[in-house]
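Input: a single structure, listed below in structure tokens.
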There are 2 protein chains.
Amino acid sequence: MDMNISPIGHLSCNKKERYEAPRQGIHAKGTTGIIKLNPHQNFEQAVSDLEGFDRIWLIYGFHLNNWWKPLVSPPRFRERKIGLFATRSPFRPNQIGMSCVKLLKVDKLKIYISEFDLLDQTPIYDIKPYIPYCDSFPDASTGWLVPNNVLYDLVMTDIFKTKSDWLSENCKFNVENYARVQLQVDPENDERRRIIKTDKTFEDKTVYTLNFRTWKIDYITDKENNKVHIIDIY
Amino acid sequence: MDMNISPIGHLSCNKKERYEAPRQGIHAKGTTGIIKLNPHQNFEQAVSDLEGFDRIWLIYGFHLNNWWKPLVSPPRFRERKIGLFATRSPFRPNQIGMSCVKLLKVDKLKIYISEFDLLDQTPIYDIKPYIPYCDSFPDASTGWLVPNNVLYDLVMTDIFKTKSDWLSENCKFNVENYARVQLQVDPENDERRRIIKTDKTFEDKTVYTLNFRTWKIDYITDKENNKVHIIDIY
């Protein structure tokens, strides 16, 4: 039995392109998005009492995708291909995603959230409260997946900061957010499309380059302290 | 943007009617179900590596439902009506459910599960691995919802056991499972449609009656030991 589903609203946020979204929502602390629910459907009432929950589930569409393959190569796992249903890949037979996000505030038809991995204009199909006793299994084993939870902090030079602020004001794209999303996990993995290991060094460390549109971002990593030092963008 | 979704398979299990499903899957330990994936869609490959996961998410359709209301009366909560999106009610604008279930075994196109709250013939739209670091938030607060986690054990008299075994063999319905689902939580709440507080007593305790089709099940509760003693079915 096929089913037709209609959005109850859409997400509005400053992440527009696939490569701006973090792998998982919990890596996106500090970014706020707004779910704008459709008017004239009594959703004002349907969101009553939602505000007591720390977290909510969003069921949404991977609206930029329309194909799938049975085996996929997850990011940062190169040993072999993995069965699609054993991954959270956004390319699926039914392009449905689910994410547990942090609920900040409900204001009539606007729901403010953070810690999400969704892109701007994502269609939202359902909202459910997060209930630990049926959703939380902290010790569940995860098979092939060895989560890499080491998160790197970004440290920026003044010159990078000046340029990225200028870009943010004049070109409306947030280079800092992009660099954080791309580099906070596994920043030296040059099998990723946008990362290049260069022959250059800086303070005795190998310089890597992260590509952003036609721009290049040079950085070095300090593994001991889990820091990425961003040198310049040009 | 509306989206059309097609089942990737269907659940097969011995729970046929809404009132046979437990409130939450974790209340249904011991029951096994089989997700039968569709043939000829390469799903044999798509389930590779799933077996390493203790738990999986099912995204499915509430296939018996086709309406919704913005405010609902959750079971065992009578203070006021609650906004639909702050509940897991199965009556929703898009009739999509998600449940974290226990994965037992994968055998080609058959996926064996337990601890589920789904009914027989439920259409399954997606399977995703359960990943604690993005799905598990054991301390998330839950607003209006005060989960009643006291689970009662069922103790059955020989006469009840004999009769229920006979019914199970000859009428193909599982009275024991039904009684467990209905009585393991809050067994004395006679605001529930199927529970009646009688004027009778048994061993100095008030007898309650649980209705099952045209049958009646008499029981008493032992709150101190979280036990429900089932006396008879007639």
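Labels below follow one simple rule: chain letters A, B, ... track the order of the sequence lines, proteins then strands, and each chain is numbered from 1. Only a predicted model underlies this, so the values are computations on that prediction, with no experimental measurement involved.
For the atom pair A:I113 CD1 and A:I111 CD1, the distance stands at 8.5 Å (nearest 0.5 Å). Taking CG from B:L103 and CZ from B:F53, the interatomic distance works out to 9.5 Å, rounded to the nearest 0.5 Å.
Heavy atoms closer than 4.5 Å to chain B are found in both the backbone and the side chain of A:I127. Neither the backbone nor the side chain of A:K69 comes within contact range of chain B, judged by heavy atoms closer than 4.5 Å. Proximity to chain B (any heavy atom under 4.5 Å) is restricted, for A:L71, to the side chain, taken from C-beta onward.
For the residue pair A:N174 and A:N177, no side-chain donor N or O sits within less than 3.5 Å of a side-chain acceptor on the partner. Between the side chains of A:Y112 and A:T32, no donor-acceptor pair is found at a separation under 3.5 Å.
Of all the listed residues (B:I96, B:D49, B:L50, B:I59), the one sharing the greatest number of non-hydrogen pairs under 4.5 Å with chain A is B:D49. Interface remark: of the candidates B:P132, B:G52, B:P70, B:S48, B:P70 forms the most heavy-atom pairs closer than 4.5 Å to chain A. Comparing A:H63, A:Q95, A:R92 by how many heavy-atom pairs each has under 4.5 Å with chain B, the most go to A:R92. Chosen from B:I5, B:D126, B:N4, the residue pairing most often with chain A at heavy-atom distances under 4.5 Å is B:I5. Highest contact tally toward chain B, considering only A:D2, A:I82, A:L84, is held by A:D2 [criterion: heavy-atom pairs under 4.5 Å]. Between chain A and the options B:I8, B:D139, B:I56, heavy-atom pairs under 4.5 Å are most frequent for B:I8. The greatest number of non-hydrogen atom pairs below 4.5 Å with chain A, out of B:S141, B:A140, B:A46, is found for B:A46. The candidate from A:V47, A:T87, A:V72 with the greatest count of non-hydrogen atom pairs under 4.5 Å with chain B is A:T87. Comparing B:G61, B:S89, B:P93 by how many heavy-atom pairs each has under 4.5 Å with chain A, the most go to B:P93.
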Take A:Y125 and A:W57, measure what ring pair (Phe, Tyr, Trp, His ring centres under 6.0 Å) needs, and give me the verdict at the end.
CA-CA 11 Å; A:Y125 294 102; A:W57 286 107; over 10 Å; no
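You'll find the ring centres of A:F137 and B:Y130 inside the 6.0 Å limit.
Ring geometry for A:W68 versus A:F85: interplanar angle under 30°, hence parallel rather than tilted (30 to 60°).
Under a 4.0 Å N-O distance rule, the pair A:R88/A:D117 does not qualify as a salt bridge.
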